[in-house]
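In the text below, chain A, chain B and the rest are named by the order of the sequence lines, each starting its count at 1.
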2 protein chains.
Amino acid sequence: MRKAQLTMQDIADRLGISKSTVSRALKDHPDISDETKQAVVKLAKELDFQPNTLALSLRQKKTNNIGVIIPEIVHDFFAKIITGVQEVAYNSGYNVIMCQTNESYEREKTDINALFSSRVDGMLISVAKETEDFSHITNIYNKGMPIVFFDRSCDLIHTSKVVTDDFDGAFQATEHLINQGCKHIAHLLGPKNLDISISRLEGYKAALTKYGIEINENLIVKCGEGTQEEAARVTDLILEEGDTKIDGIFANNDMAALGAMQSIKKHNLKIPDDIAVVGFSNWQLAEIVDPPLSSVSQSAYEIGIAATKLLLKEIESNENEEIKPETKVLKPQLVIRASSQKKK
Amino acid sequence: MRKAQLTMQDIADRLGISKSTVSRALKDHPDISDETKQAVVKLAKELDFQPNTLALSLRQKKTNNIGVIIPEIVHDFFAKIITGVQEVAYNSGYNVIMCQTNESYEREKTDINALFSSRVDGMLISVAKETEDFSHITNIYNKGMPIVFFDRSCDLIHTSKVVTDDFDGAFQATEHLINQGCKHIAHLLGPKNLDISISRLEGYKAALTKYGIEINENLIVKCGEGTQEEAARVTDLILEEGDTKIDGIFANNDMAALGAMQSIKKHNLKIPDDIAVVGFSNWQLAEIVDPPLSSVSQSAYEIGIAATKLLLKEIESNENEEIKPETKVLKPQLVIRASSQKKK
DNA sequence: ATGAAAGCGCTAACAA
DNA sequence: TTGTTAGCGCTTTCAT
């Protein structure tokens with residue numbers, strides 16, 4: 001700040017009263033006379049007085065800030081979560097400090113320590129892909145920092161968490177394909193080291209089993225990191241060299257689904273009539289591509305809302321009462337679009 | 001914080017020295033003996049001491065935080081800007097506090113005041129669409145808060161700003177279409193109340209003029225807020241009722257370009273051979289749609305970098321020296337994809 | 001109804 | 001080389 005800042009002392013001086021009176025008047029303390037109150041409020045408004053919340057926070061040992069650790073803002077999914085977080089926080093008088101780790105462990109460590117140093121009242125964390133050692137998180141947890149994980153959690157730490165029911169989403173998607181008449185449904189698998197990939201695979205298998213369709217391991221194919229190109233390539237293989245003629249694809253994510261669609265079109269097959277396609281995540285692109293892509297929506301906004309509510313509850317709970325961690329599993333919703341609705 | 005926090009006093013007590021010695025030891029002050037230093041550092045590490053930056057900030061009248069006011073995180077464009085901002089800030093030892101206004105004036109006012117109250121060292125601001133009264137910004141500016149505008153600025157306040165050269169981008173796009181052989185290029189116009197819409201229109205006109213192509217006002221059509229549906233609708237009209245057969249479209253933004261593409265396909269015309277299309281903003285969708293969409297890239301990341309550098313320069317400048325505001329105009333780059341490359 | 005004073009955790013001028 | 005003290009701006013207990 002270039003200029004000296006305006007303080008309560010300044011207001012007090014001008015009015016010939018003490019700064020404690022100013023403080024009380026500003027928070028409408030019953031002891032203060034109406035006359036004094038009005039004078040103070042008037043002058044404060046005139047001078048556009050903004051109290052220094054640093055001093056307040058230091059004094060009260062409470063900042064009314066919460067920190068959010070997020071891997072990547074540019075992902076629709078996380079951006080929507082943030083929006084949910086800010087909504088709840090804002091309405092409860094909290095500010096949100098966001099840090100983007102770019103999936104880097106080092107960055108995550110630094111960010112979390114910085115948030116701790118600035119004494120946020122609690123943290124919402126989605127861990128970076130790189131992170132395997134969680135001591136930076138257990139450290140602050142042990143010091144009493146309220147933490148809620150969202151989307152990507154860490155089982156080592158016994159806190160509240162909010163996650164998507166990936167199994168259920170995959171089940172819904174696969175069941176929908178079956179209901180559309182698909183008998184030979186391929187699955188484009190995500191990276192095996194992520195829990196979500198496994199859960200989605202399990203959901204896919206469970207749906208097939210429920211409807212008495214045999215699981216064909218040849219139709220379950222890895223597509224690396226799940227990029228469009230990789231997905232297109234593996235779909236090419238399925239269509240050209242596979243011994244089974246498929247009529248449906250459930251992809252681990254929307255980018256992969258898109259790659260599959262490109263491959264299908266290239267082979268002059270029709271979507272959805274020859275092959276129906278369903279993705280996962282319901283990114284913006286899903287409604288934009290041609291044909292619009294059916295996809296499992298993870299209700300990111302709701303995840304943000306739920307996680308923040310849990311965190312604020314914890315922050316505002318009485319110090320004495322023991323908080324028992326809750327795990328909220330949000331059911332995803334299948335959004336059906338043209339890519340999977342076969343004409344009957 | 002549930003538990004009492006660890007302070008320098010605690011460390012001092014355990015070591016039987018004073019807290020000022022601890023403070024000095026921790027910042028490697030030359031006066032302190034190596035012996036003491038090592039003891040302090042060792043204990044601090046053991047106890048995982050994290051200094052309270054609130055106290056530091058209050059004392060130093062410097063928070064090392066910068067605030068960012070952004071309309072919508074979910075837009076690729078802004079998300080990328082943020083990434084650039086965080087990059088520069090992080091490397092210079094600053095933290096970033098982001099606020100999302102959701103294009104609301106009220107929210108913007110509250111956010112800016114909250115940032116001021118928390119004594120951020122400076123602010124990066126992109127104003128909300130709703131904002132017409134700027135007194136909340138002039139207020140803090142007059143109190144000495146360093147401010148840099150990005151993308152959407154406010155001419156009333158004489159600060160540094162970083163913006164895209166929309167005129168140039170539109171010019172490049174239109175010139176490219178002309179070079180591809182287009183003679184009748186339509187322009188899908190953005191909302192007239194935004195400066196950017198006007199600049200892009202002007203760039204379009206200037207390119208036509210340069211190449212001796214007459215400006216046909218019938219080919220300059222509004223498409224409301226620029227959504228896909230609206231763009232598709234107006235394109236339908238041009239194709240069905242227009243008296244000119246067009247061979248190129250320059251759209252004010254990518255969503256509108258997409259709508260135009262849908263309309264063109266519906267009319268069984270080929271992109272780019274019958275009609276070439278160029279959009280603006282180079283959103284992710286541009287490379288995903290079919291055919292991939294040529295688009296003017298605004299180099300959002302660079303905007304974030306440039307704005308933050310300007311702000312930090314201002315923050316770190318000597319109080320006495322007068323800062324003269326700079327305006328950085330970043331040239332956008334046309335990214336040419338299949339939607340506009342006619343076979344010769 | 002108001003004021004004086006202590007203290008939140010840290011730094012820095014001044015003393016020793 | 002280290003300690004003492006004052007003070008950043010605010011709240012709050014205890015006096016008055």
Looking at B:Arg152 and B:Glu103, is there a salt bridge between them, counting it only when a charged N and a carboxylate O are closer than 4.0 Å?
yes
Is A:Thr53 touching bases, backbone alone, or none of the nucleic acid, heavy atoms closer than 4.0 Å?
nothing
Which part of the nucleic acid does A:Ser57 contact within heavy-atom distance under 4.0 Å: base, sugar-phosphate only, or nothing?
nothing
To the nearest angstrom, how far is [X] atom [atom1] from [N] atom [atom2]?
X       : N     : atom1 : atom2 : result
A:Lys61 : C:dG7 : NZ    : C1'   : 10 Å
A:Leu58 : D:dG7 : CG    : P     : 17 Å
B:Met8  : C:dC8 : CE    : P     : 15 Å
A:Leu26 : D:dG9 : CG    : C1'   : 13 Å
A:Leu15 : C:dG3 : CG    : C1'   : 15 Å
B:Phe49 : C:dG9 : CZ    : C1'   : 8 Å
B:Asn52 : C:dG7 : CG    : P     : 18 Å
B:Asp28 : D:dT2 : CG    : P     : 13 Å

Between B:Leu54 and A:Thr21, whichever has its closest DNA chain C nucleotide further toward 5' is A:Thr21
Would you say the base of D:dT12 and the side-chain of A:Ser23 have a donor-acceptor pair closer than 3.5 Å?
no
I'd like to know if A:Arg119 reaches the base of C:dG9 with its side chain, counting only an N/O donor and acceptor under 3.5 Å.
no
Just to confirm, is there a sub-4.0 Å distance from OP1 or OP2 of [N] to any side-chain nitrogen or oxygen of [X]?
X       : N     : result
B:Ser18 : D:dG3 : yes
B:Ser33 : D:dT2 : yes
B:Lys19 : D:dT2 : no
A:Gln5  : D:dG9 : yes
A:Ser20 : C:dA5 : no

Position toward the 5' end of DNA chain D (nearest nucleotide), B:Gln60 or B:Ile17
B:Ile17
I need the minimum non-hydrogen distance between B:Ile82 and B:Met98, along with the two atoms involved.
CD1-SD, 3.2 Å
Side-chain donor or acceptor of A:Lys61 paired with backbone N/O of A:Arg119 under 3.5 Å:
no
Quick one: does any side-chain atom of B:Ser117 pair with a main-chain N or O of A:Gln50 as donor and acceptor, under 3.5 Å?
no
Could you point out which residue of A:Ser317, A:Pro146, A:Ser92 forms a side chain to side chain contact (heavy atoms under 4.5 Å, CB included) with A:Leu312?
A:Ser92
Among C:dG9, D:dT4, D:dC10, the nucleotide that comes nearest once only the side chain of B:Ala55 is considered:
C:dG9
Would you indicate which nucleotide in D:dT2, D:dG3, C:dT2 comes nearest to any side-chain atom of A:Asp31?
C:dT2
Note, A:Phe49 side chain near A:Asp10 side chain (heavy atom, < 4.5 Å)
no
